[in-house]
Amino acid sequence: MLSGTQLGRLASRLMPRIVRSLHTERKVQVQGTGDLHIVECGSGSRSLLLMPGALGSAWTDFKPQIEQLPKLLPDHTIIAWDPPGYGKSVPPQRKFGLEFYREDAEAALKLMRALDRPKFSILGWSDGGITGLVLAARHADSVEKLAFWGVGAYINESEMKTLAEIRDVAKWSPRMREPMEKVYGVERFAQLWAEWADAECDFYKHRGGDICRTEVEQVKAPTFILHGKKDPVIAAEHAPWLRERMPHARYHEFPEGKHNIHLRYAEEFNKLVSDFFKDK
């Protein structure tokens, strides 16, 4: 007979496996795009789409949200996707260009329609936040609510310099490279990241840095902007720029937060966003 302490230790070891088993992973055929990989959890009638950052996937970018949000949002079904060409959504081969955010937005919309979830909310990080902004602006009737962080609607000169510095992943620390190398392999990750960095630079070269300035002011859905005050990835000017153009948006700042506030402060972050999505 196990003691109460022993039972507690056994439960703590088994719980991550049990939690993960509550999620289903599958591929969904999306017209014009191919088979897209999703992680789905919860059984609520409302829908929340988690949109990862550059080269990100459901599990690399949203593990704490996949594990915790179903309990916090019992009236929602949580869907985390791997965008086309990222993670396990291969094929198709990833394509970049000046329209790739809009193309991802259209693919996400088609995915949710294929799941028979034509109205949904969005939780988007970094590139996923940009895609979410574009989707919410271009398909206002489909998006109920939008929350995002780590987002810039344009690229400035200082960010161009940063992109040049981080383009070669061989210069990164092993700790920073390894999670993505496990997903893509060493050579493919280096290639894909360089292609992404070049695509970002093209916005600066060919569009004056504009990524989604126009779409920002077209969003009608209730919006929640979260921000890490010490985010080293995006310029400090982006948060006030967005707030000025989205004056009715809710805002929360993590004073010590960097780019990955949803991972570093997962419990607080999840409580904040779940309260936002719960509101009618």
Counting neighbours of [atom1] on [X] that are heavy atoms of other residues, nucleotides or ligands and sit closer than 6.0 Å, is the number greater than 12?
X    : atom1 : value
K182 : NZ    : no
H206 : NE2   : yes
K71  : NZ    : no
Q29  : CD    : no
K271 : NZ    : no

Are [X] and [Y] grouped together when hydrophobic residues (ILVMFWY) are joined by side-chain heavy atoms under 4.5 angstrom apart?
X    : Y    : answer
I166 : Y184 : yes
V151 : L98  : yes
V30  : F120 : yes
I38  : L22  : no
W81  : L50  : no

Is there a side-chain contact between [X] and [Y] (heavy atoms, below 4.5 Å)?
X    : Y    : value
P84  : S89  : no
K258 : R264 : no
P179 : T60  : no
M246 : L133 : yes
P52  : P83  : yes
V273 : L226 : yes
R188 : E181 : no
K27  : L36  : no

Just by modelled atom types, is the [Y] backbone N or O under 3.5 Å from a matching donor or acceptor in the [X] side chain?
X    : Y    : result
Q65  : H262 : yes
D61  : G53  : yes
R117 : R113 : no
E159 : N156 : yes
T223 : V219 : no
D82  : A58  : yes
N260 : L263 : no
K119 : D141 : yes
H76  : P70  : no

- Message: So if I apply the side-chain contact (heavy atoms from CB on, under 4.5 Å) rule between L123 and each of N270, L69, I78, which one comes out positive?
- Response: L69
- Working for side-chain contact (heavy atoms from CB on, under 4.5 Å), residues V39 and W59: CA-CA 8 Å; V39 177; W59 285 112; 3.4 Å; yes
Heavy-atom pair with the smallest gap, counting every atom of [X] and [Y]:
X    : Y    : result
G42  : T77  : O-OG1, 3.8 Å
A108 : L49  : CB-CD2, 4.0 Å
V28  : A114 : CG1-CB, 4.0 Å
A153 : V216 : CB-CG2, 3.9 Å
K220 : A140 : CD-CB, 4.2 Å
G85  : L192 : O-CD2, 4.4 Å

- Message: Working note: H259 + W125, criterion ring-ring contact (aromatic ring centres under 6.0 Å, His included); need CA distance, chi angles, decisive distance, verdict.
- Response: CA-CA 9 Å; H259 197 56; W125 178 34; 5.5 Å; yes
So that I can tick it off, tell me whether [Y] and [X] are bridged by a salt bridge, with the cut-off set at under 4.0 angstrom between side-chain N and carboxylate O.
X    : Y    : answer
E67  : K63  : yes
E256 : K230 : yes
D279 : R250 : yes
R46  : D75  : yes
E103 : K95  : no
R102 : E215 : yes
D202 : R207 : no

- Test item: side-chain donor near acceptor, H37 and E25, under 3.5 Å: yes
- Donor on one side chain, acceptor on other, E237 and Y154, under 3.5 Å: yes
- Message: Check whether F276 forms a cation-pi arrangement with K145 (NZ or CZ under 6.0 Å from the six-membered ring centre, at most 45° off the ring normal).
- Response: yes
- Is R94 positioned over the aromatic face of Y86, cation under 6.0 angstrom from the ring centre and no more than 45 degrees off axis? yes
- Message: Would you call the rings of F96 and F100 parallel, tilted or perpendicular, taking 30° and 60° as the class edges?
- Response: perpendicular
- Task: Give me the ring orientation class for F189 and W193: parallel if the planes are under 30° apart, tilted from 30 to 60°, perpendicular past 60°.
- Result: tilted
What distance do [X] atom [atom1] and [Y] atom [atom2] have between them, rounded to the nearest 0.5 Å?
X    : Y    : atom1 : atom2 : result
F224 : I122 : CZ    : CD1   : 16.0 Å
L272 : Y265 : CG    : OH    : 12.5 Å
C201 : L163 : SG    : CG    : 4.5 Å
L72  : F277 : CG    : CZ    : 12.0 Å
Y101 : D127 : OH    : CG    : 3.0 Å
D104 : I130 : CG    : CD1   : 10.5 Å

- Message: Please evaluate residues S142 and M112 with respect to the criterion side-chain contact (heavy atoms from CB on, under 4.5 Å), reporting the C-alpha separation (whole Å), side-chain torsions for both, the decisive distance (0.1 Å), and the verdict.
- Response: CA-CA 10 Å; S142 296; M112 297 304 282; over 6 Å; no
- Task: Any chance you could lay out the side-chain contact (heavy atoms from CB on, under 4.5 Å) test for H227 and Y251, step after step, and finish with the verdict?
- Result: CA-CA 8 Å; H227 178 58; Y251 179 77; 3.5 Å; yes
- Message: T33 vs E106, test: side-chain contact (heavy atoms from CB on, under 4.5 Å). Steps then yes/no.
- Response: CA-CA 10 Å; T33 301; E106 295 302 319; over 6 Å; no
